[in-house]
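All values below come from the heavy atoms of this structure, side chains included, with hydrogens, waters and symmetry mates left out. Position 1 is the first residue of the sequence, and the numbers go up from there.
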Amino acid sequence: MSLVVKYDAYGGPEVLRLVDVEEPVAGPGEIRVRVKVAGVQPIDVKVRRGDMAGRMPVTFPASLGNEFAGVVDQLGEGVTGLSIGDVVLGSANSVAYAEHVVTPATQVVAKPAQLDILTAGGLVAAAQTASGALMNLGVTSGDTLLVHAAAGSVGTVAVQLAREAGATVIGTASPGNHDYLRELGAIPVAYGPGLVDRVRQAAPQGVTVALDAIGGQEAIASSAALIADRSRIGTIADPVTAGQYGGRGVFAPRSPQRLAAVIELAAAGKVVMPVRTFPFVEVVDAHRAVESGHGRGKVVLLV
């Protein structure tokens, strides 16, 4: 048997429960991974609450989790290039809160020996989301990038990748996270009334591009007040509001290739990701932590 997280109705974190199910079996072209770390994303919270029911309906009992790191323990027919015992990280579709995950072999990358498994598991979604968003926005060394919610998991990676590309980065966060953003290489500013003036003071040369990782009127409207080319206002959280100001959603398909590139930077110490860990049995508390919206880096489950 294998433990998984399930829920029977939309609601608060307390709807989540651990249940025993039959162990999944890898089919042709698939592998089974014994999960060690499962990332908890804001999208997981939104799906659980029912916020996404119109776009992403679920069938109850439903499961959660889109990113994991662990050890390959079964190979399906036709799989090459991987062996039992390999440590990998990768993506799944709402099934990663589990002791075992079955996924296409093409959706995982090997964990570098120099990178700890907690950081690896916490980087999967953020690495692909941030790198895809910056790619869509065309961020280069000549840019000054404004990142909203810069201390979160996607913001953390976006700041570092943009700095690696040579861009200047302004990051919004609560004051308690300002030293953290400075460590990442960003110029921190507090969100709230007066944000536009604070950004102008921090970046007198002007802002050329913005990435919103939190959504809402303040982030999008302030970006529009600062950036002449509104097609360079991108969001991963609120495409509807962004569209009202001439901005757009900047979503990119999952890409093991982009994930591997970020993971190599992390193994070299050029990308960091602080992780806050919760035992698998404390999945309810993990969701509460993410739902609070004031975290730094990534929340992960130790499975």
With a 3.5 Å cut-off and no angle check, do the side chains of Q217 and T241 form a donor-acceptor pair?
no
F278: partners by ring-ring contact (aromatic ring centres under 6.0 Å, His included), with sequence neighbours left out
none
R230: salt bridge (Lys or Arg N to Asp or Glu O under 4.0 Å) partners, not counting sequence neighbours
none
Residues forming a side-chain hydrogen bond (donor to acceptor under 3.5 Å, both in side chains) with H100, sequence neighbours excluded
S2
The side-chain hydrogen bond (donor to acceptor under 3.5 Å, both in side chains) partners of N136 (sequence neighbours excluded) come to none
If you link ILVMFWY side chains whenever their heavy atoms are less than 4.5 Å apart, which other residues fall into the same cluster as V240? By chain and number, please.
none
If you link I, L, V, M, F, W and Y whenever their side-chain heavy atoms are under 4.5 Å apart, who else ends up in the same group as V207?
L146, I170, I187, V189, L195, V196, V199, L226, I227, I233
Charged N to carboxylate O below 4.0 Å: is that the case for [X] and [Y]?
X: K298; Y: E67; answer: yes
X: R288; Y: D285; answer: yes
X: E264; Y: K270; answer: no

Over 12 foreign heavy atoms within 6.0 Å of CD, Q205
yes
Is there a path of hydrophobic side-chain contacts, each under 4.5 Å between heavy atoms of I, L, V, M, F, W or Y residues, that connects V299 with V157?
no
Results of side chain to side chain contact (heavy atoms under 4.5 Å, CB included) for [X] - residues two or more places apart only:
X: V87; result: V71, K111, I117
X: A242; result: I220, T235
X: V102; result: P24, E30, R32
X: V15; result: Y7, R48

Determine, stepwise, if the pair L18 / K6 fulfils side chain to side chain contact (heavy atoms under 4.5 Å, CB included).
CA-CA 6 Å; L18 268 66; K6 296 281 188 181; over 6 Å; no
With a cut-off of 3.5 Å and sequence neighbours excluded, list every side-chain donor-acceptor pair involving residues 251-262.
{"unit_1": "R254", "atom_1": "NH1", "unit_2": "A92", "atom_2": "O", "d": "3.1"}
{"unit_1": "R254", "atom_1": "NH1", "unit_2": "N93", "atom_2": "OD1", "d": "2.9"}
{"unit_1": "R254", "atom_1": "NH2", "unit_2": "A92", "atom_2": "O", "d": "2.6"}
{"unit_1": "R254", "atom_1": "NH2", "unit_2": "N93", "atom_2": "OD1", "d": "3.4"}
{"unit_1": "S255", "atom_1": "OG", "unit_2": "Q257", "atom_2": "N", "d": "3.4"}
{"unit_1": "S255", "atom_1": "OG", "unit_2": "Q257", "atom_2": "OE1", "d": "3.4"}
{"unit_1": "S255", "atom_1": "OG", "unit_2": "R258", "atom_2": "N", "d": "3.0"}
{"unit_1": "R258", "atom_1": "NH1", "unit_2": "Q128", "atom_2": "O", "d": "2.7"}
{"unit_1": "R258", "atom_1": "NH1", "unit_2": "S131", "atom_2": "OG", "d": "2.8"}
{"unit_1": "R258", "atom_1": "NH2", "unit_2": "P253", "atom_2": "O", "d": "2.5"}

Would a line drawn from the ring center of Y97 to the ring center of F68 be shorter than 6.0 Å?
no
Summary of ring pair (Phe, Tyr, Trp, His ring centres under 6.0 Å) pairs that have at least one residue in residues 145-184, sequence neighbours excluded
none
